[in-house]
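We number each residue from 1, following the sequence as shown.
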Amino acid sequence: KRQVHEGEHMLIFWAVLGGFLLDALFGDPAWLPHPVVLMGRCISVLEMRLRTALPKTPRCELAAGAAVAAVLPLGTLAVTGLACWVAARLHPALGLALQMLWCGQALAAKGLAQESRNVYKELTKGDLPAARRAVARIVGRDTQNLTAAGVTRAAAVSYTHLTLPT
């Protein structure tokens with residue numbers, strides 16, 4: 001049993017190290033939506049459905065908020081856990097590769113720094129629609145109606161000061 005336990009720790013080590021290297025080398029691919037953006041969309045859909053299904057009382061709003069707070073992390077765990085399990089069953093290297101990809105996306109230091117610079121560049125040019133599109137790549141909320149100050153706040157909240165040399 002101890003050998004299996006140590007093997008699991010090494011798998012986690014390689015997944016995190018590989019994710020760090022993937023992020024440092026490539027950042028977030030533009031064609032692949034970031035998981036936080038997908039989670040934000042899930043929150044929006046779930047919130048909208050719960051608001052239409054439940055009465056507008058403080059108690060129901062609290063219950064809906066609790067449901068969202070429970071469903072999102074548990075759903076994320078179920079989807080990612082199942083995907084990693086299936087990938088590892090197909091081939092252990094495929095399971096490790098998927099874990100590395102998601103670890104790299106979770107770190108997202110290079111991509112977040114680049115996207116934050118893109119937001120700044122568009123705001124500096126005075127192109128608010130382009131700044132909204134740029135900030136939408138790093139936040140999970142609707143950005144279509146944000147003011148320039150709102151775009152700035154959204155980018156600042158997302159930025160974690162984890163920049164890598166480019």
Quick check for you: to the nearest 0.5 Å, what is the distance between Glu115 atom CD and Lys121 atom NZ?
10.0 Å
Hey, are Gln114 and Asn118 close enough side-chain-wise for a donor-acceptor pair under 3.5 Å?
yes
Distance-only criterion, 3.5 Å: show the donor-acceptor pairs between side-chain atoms of residues 52-61 and protein atoms not counting sequence neighbours.
from: Thr52; atom 1: OG1; to: Met48; atom 2: O; distance (Å): 3.3
from: Thr52; atom 1: OG1; to: Arg49; atom 2: O; distance (Å): 3.0
from: Lys56; atom 1: NZ; to: Arg51; atom 2: O; distance (Å): 2.5
from: Thr57; atom 1: OG1; to: Cys60; atom 2: N; distance (Å): 3.1

Is any side-chain heavy atom of Leu46 closer than 4.5 Å to a side-chain heavy atom of Leu50?
yes
Trace of the side chain to side chain contact (heavy atoms under 4.5 Å, CB included) decision for Leu101 with Leu32
CA-CA 11 Å; Leu101 172 71; Leu32 186 63; 4.3 Å; yes
Taking all atoms of both residues into account, what is the closest heavy-atom pair of Gly27 and Lys110, and its distance?
N-CD, 3.9 Å
Donor-acceptor pair, Thr143 side chain versus Arg132 backbone, under 3.5 Å?
yes
Student check: side-chain heavy atoms of Thr152 and Val119 closer than 4.5 Å:
no
Test side chain to side chain contact (heavy atoms under 4.5 Å, CB included), reference Trp14, set Ile12, Val16, Leu17, output is Leu17
same_hphob_cluster(Met39, Leu98) at 4.5 Å side-chain heavy-atom cutoff:
no
Please report the closest heavy-atom contact between Cys103 and Ala15, naming both atoms and the distance.
CB-O, 3.6 Å
Can you name the closest pair of heavy atoms from Leu107 and Gly19 and give their distance?
CD1-C, 4.1 Å
CH2 of Trp102 to CG of Leu22: how many Å apart, nearest 0.5 Å?
14.0 Å
Considering only distance and modelled atom types, tabulate donor-acceptor pairs under 3.5 Å from the side chains of residues 73-96, sequence neighbours left out.
from: Thr76; atom 1: OG1; to: Leu72; atom 2: O; distance (Å): 2.7
from: Thr80; atom 1: OG1; to: Thr76; atom 2: O; distance (Å): 2.7
from: Thr80; atom 1: OG1; to: Leu77; atom 2: O; distance (Å): 3.4
from: His91; atom 1: ND1; to: Ala93; atom 2: N; distance (Å): 3.0

State, with a plain yes or no, whether a side-chain heavy atom of Leu146 is found less than 4.5 Å away from one of Arg153.
no
